[in-house]
Protein chains: 2
Amino acid sequence: MNIYDIAELAGVSIATVSRVVNDSPMVSEKTKRRVRKVMEENNYTPNVFARGLGLDSMKTVGLMCPNVADAYMARAVAYLEQNLKEYGYDCILYCSGYDDEERRVAVNSILQKRIDALVLIGSSYAEDDEDSEKVEYIREAAKQVPVFMMNGCIRGENIYCALCNDFQAAHMAVTELIQTGKEDILFLSDSHSYSANQKLKGYQQALRDAGMPVNEKLCVYAENRIDRVRDLLLSRNDLMFDAVFATEDGLAIGALKYAKKRNLSVPRDISIIGYNNSELSVCCDPELSTVDSRGERLCKIIIDSMMLRLKNREIRSKVYANGFLVRRETTDF
Amino acid sequence: MNIYDIAELAGVSIATVSRVVNDSPMVSEKTKRRVRKVMEENNYTPNVFARGLGLDSMKTVGLMCPNVADAYMARAVAYLEQNLKEYGYDCILYCSGYDDEERRVAVNSILQKRIDALVLIGSSYAEDDEDSEKVEYIREAAKQVPVFMMNGCIRGENIYCALCNDFQAAHMAVTELIQTGKEDILFLSDSHSYSANQKLKGYQQALRDAGMPVNEKLCVYAENRIDRVRDLLLSRNDLMFDAVFATEDGLAIGALKYAKKRNLSVPRDISIIGYNNSELSVCCDPELSTVDSRGERLCKIIIDSMMLRLKNREIRSKVYANGFLVRRETTDF
DNA sequence: CTGAAAGCGCTAACAC
DNA sequence: GTGTTAGCGCTTTCAG
C-alpha cells in the first residue's frame, strides 16, 4: 500500500495525499478528511526511506556513549529517548567503547545513517586538553550535523556542550568534608577525562581555600570496580586518610568495603562521598552521601537546545548546571 | 558525492559502482580496485535512504524495552547493540514504558521504521496467559518482521523466544534455602509477568517437593524500590519469615534493609536471595546471594537465531537457558 | 563482465 | 486547492 494506491482510492493525486500526510494547510478540510479516512482504512503509513530520500532526513538522532550498561549513561539514554520521541525523533543507539580508534569508527558509522543530530554522552569524549588532535573527529562530525555533548566539552563550530559544574561540585563536597573536621582527604578517581580533572581541581582548590596542604599521594586512580578499589586501598598501607572523595559512586562503595574490612567506623573514622547519586548509593550500608550531577537537567538542556538548533536558531555553545550534595550516612552533617 | 559522480570519475556506469559497493562477484577484480580507489579518494558512502528504498531494508533492528534505565535491560541492550553491530546491523532504541497502550503505540511506531527485526526485552511483554488479547499487537507485528522476545513468551508465527528457565532457577534457589533449615520463606515480587509467575511456581513447587506447606500470605508484592520494600515489610507485623526469595535484586535489598532495621542478623536470622546478579548485589552489605538469570546467554541466543532467521533458515521458536545461584553472604552455604 | 534504463515511494516546484 | 512531473540515489533486470 503506497501513496499511489491511496491517491487512487481517494480519487485525488499523489501530491494531495502527500500534502495530507504532511498536514499542509493548502488542502481543503474536506479532502483532508476523505484522504485520511482512506489512509486509516488501509492502514497506510508512508515509507520512511522514500521520505528520507526526498527530505534527506529521517527524524532520527544518534545517541552515542561508551557503554549503556553503565547506570549513568543508561539513565541519560532513557531520558533522551523518552523526550526526543515526544518531538517525533527516533534514536539510534551506538555504544562506542572507550577506545579512541573505536570511537572514531563509531562516529563515522553513525553519521552514515544521516542522523539529524548527534549526542555524545559522557565525559570520556573530551580529554582535558581541549585542542587535542584526538577530538578532531568530533569537529569533523560537527561539519555534518550538530553535535551535543553531555558532560564533555570541545570548542568548535556546531558543537554544543551541557556540563555539570564539576569543579564547583567537588569544591563544595570537599569543603563539607573539611568542615566536619576531616584532614586527610583521599581523591579517588578512575579516569583522566575532562570531567575527572575538573573534579580534581575542585578538590585541590577546596583544600587550598581551607589553608590545607595538597598531598599528591592522596590522589589515587583505580579501575571502577568495587573489589578492585577495596583491594587497592587495602594494599596501600602507606596511605593515611580519614575521608574519601570519589568521582564515581562505584569507587566510593569500594572505599566503603575497604573501611568495613579494616573495621573502620563510617563516618566517624572515615567519611565517604560519592558522585552521581546512582542507585548504588542507596544499596550500600551505610548509605552513601553523593554528589548529584544533574543528569536529567543536562539532558533537558540538550533536548531544548537541539530543538532550537534544528530550527536554525542561535543557541549557546556551553551551558553549566550546578551539582549538589545528597547527604546520607557516610558523612556527618 | 553520489553514485553518479563516482561512476564518472572511475569511468564506469553506476551499475558497476553499485555492484562494487555490494561486492558482487560479477565484477572483475581490476575494475573493483579502480572503483574502490575512487570511492576512497572521495570519501564516498552510499546514501542509506536510497539504498533502503531499493532494498526495503536499512540493516537496522529495533530494540524495545520498557525502560533502559533498568540495569537488567541496559545490560541486554548493551550486549545486543555490541554484537548486532558486528553483523552490520544498527539499532534503533525504543523505550515503551510499562503501560499496555503505550506499548502498542511503541510497537507500531518502531515498525514504521522498516526494521529488519524486532527484539522485545523483558518479561513484561508477556502476560502469563499466553493467549491473551493483550499481546495481539505483538502477533500483528510478527506478520511484518521476525520478533524476538527476551524472557517473554508468546506462541505465534514468526515469534521467537529465549528465556531463562525461571521455574527451575526459583526451585533451585528455594530448595537451597530449605536445605539450610529455613522454614518460612517469603516470596517477594513486583510483577505478575510470565516470568514472575514462573518464579512463583518454582517457589511453590520447591516447598511442596520438600513436604512443606505453601502459605499464601508469604507471597507479597511490592514496588521495586528499596525504601518501599523495607517500609512495607516493616509494617507487616503479621508476617513471620526466616528467609526471602525475591524476584529482583532491588527487592532483595529492600528486604536486607528491613532486616537491618529490625536488627536481624543475616543470614542467621534471615536468609535472602535476589535475582539477576546485578551490580546492586555486590554493593550491599552483606553481599547478596542471587540467581544469575543468564542475560548474556539469552542475548547471544537471540542474535544467533536472528542471523539465521534473516537468512530464512528454520530456527527454534523457544529456547531456554538455566539460571544458577551465585552464593554470597546473605545465605549460608 | 559491463551498461542502459526502469523502478522504489515520496517531496516540492510549477502549472492550472 | 489540486494535479503533473521531475527529481532524490540506489538496486536490479535485461541486453549486449
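The shown structure was predicted, so the numbers you read here are calculated from the model rather than taken from an experiment. Chain naming here is simple, since letters A, B, ... match the order of the sequence lines and numbering starts at 1 in each.
Using a 4.0 Å cut-off between a side-chain N of Lys or Arg and a carboxylate O of Asp or Glu, Arg103(A) and Asp99(A) do not qualify as a salt bridge. Taking 4.0 Å as the cut-off between side-chain N and carboxylate O, Lys37(A) and Glu41(A) count as a salt-bridged pair. By the 4.0 Å N-to-carboxylate-O rule, Lys113(A) lies close enough to Asp90(B) to be salt-bridged with it. Ionic pairing of Arg309(A) and Asp116(A) is not present here: no N-O contact between side-chain nitrogen and carboxylate oxygen is shorter than 4.0 angstrom. Salt bridge Glu296(B)/Lys300(B): absent, no basic N to carboxylate O contact under 4.0 Å.
Residue Phe49(B) contributes atom CZ, which lies 14 Å from atom C1' of dT11(C) at whole-angstrom precision. Protein atom CE of Met1(A) is 16 Å distant from nucleotide atom C1' of dC8(C), rounded to whole Å. Residue Asn22(B) contributes atom CG, which lies 15 Å from atom C1' of dT13(D) at whole-angstrom precision. What separates CG of Asn2(A) from C1' of dC8(C) is a distance of 9 Å, to the nearest Å. As rounded to whole Å, 14 Å separates atom P of dG9(C) from atom CD of Glu8(A). Taking atom CD1 of residue Ile3(B) and atom C1' of nucleotide dG7(D), one finds them 16 Å apart after rounding to whole Å. Spacing between atom CD1 of Ile6(A) and atom P of dC10(C) amounts to 9 Å, rounded to whole angstrom units. In this entry the distance linking NZ of Lys30(A) with P of dG1(D) reads 12 Å, nearest Å.
Using a 4.0 Å heavy-atom criterion, one finds that Asp56(B) contacts no nucleic acid atom at all. Contact annotation for Thr16(A): backbone-only contact, meaning every heavy-atom pair under 4.0 Å involves sugar-phosphate atoms and none involves a base.
Every residue meeting the side-chain contact (heavy atoms from CB on, under 4.5 Å) condition with Pro46(A), not counting sequence neighbours, appears here in chain and number order: Val21(A), Tyr44(A), Arg51(A).
Considering all non-hydrogen atoms of both residues, Met150(A) and Gly295(A) come closest at CE-O, 3.6 Å. Considering all non-hydrogen atoms of both residues, Asn151(B) and Ser195(B) come closest at O-CB, 4.2 Å.
Not less than 6.0 angstrom separates the ring centroid of Phe49(A) from the ring centroid of Phe49(B).
No donor-acceptor contact under 3.5 Å links the side chain of Tyr4(A) to the base of dC8(C).
Where Ala15(B) and Thr31(A) meet DNA chain D, the nucleotide closest to each residue was compared, and Thr31(A) sits on the side nearer the 5' end.
When the C1' atoms of four end pairs are superposed on the next four at each end of the helix from dC1(C)-dG16(D) to dC16(C)-dG1(D), using five pairs per end, the two resulting axes differ in direction by 30°, to 10°.
Of all nucleotides listed (dT2(C), dT11(D), dG9(D)), dT2(C) comes nearest to the side chain of Met26(B). For Ser28(A), whose side chain is taken as the heavy atoms from C-beta onward, the closest listed nucleotide among dT11(C), dC10(D), dT2(D) is dT2(D). With dT11(C), dT2(D), dA5(C) as the candidates, the nucleotide lying closest to the side chain of Ile14(B) is dA5(C). In this structure, the nucleotide among dC8(D), dT11(D), dT11(C) sitting nearest to the side chain of Arg51(B) is dT11(D). Comparing dT11(D), dC8(D), dT2(D) against the side chain of Leu53(A) picks out dC8(D) as the nearest. For Val12(A), whose side chain is taken as the heavy atoms from C-beta onward, the closest listed nucleotide among dG1(D), dC10(C), dG3(D) is dG3(D).
Considering only side-chain N and O atoms, Asn47(B) lies nowhere under 4.0 angstrom from the phosphate OP1 or OP2 of dC8(D).
Using a 3.5 Å distance cut-off with no hydrogens or angles, the side chains of Tyr125(A) and Ser96(A) do pair a donor with an acceptor.
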For nucleotides 14-16 of chain D, tabulate all protein N/O to nucleotide N/O atom pairs closer than 3.5 Å, reporting atom names and distance.
none

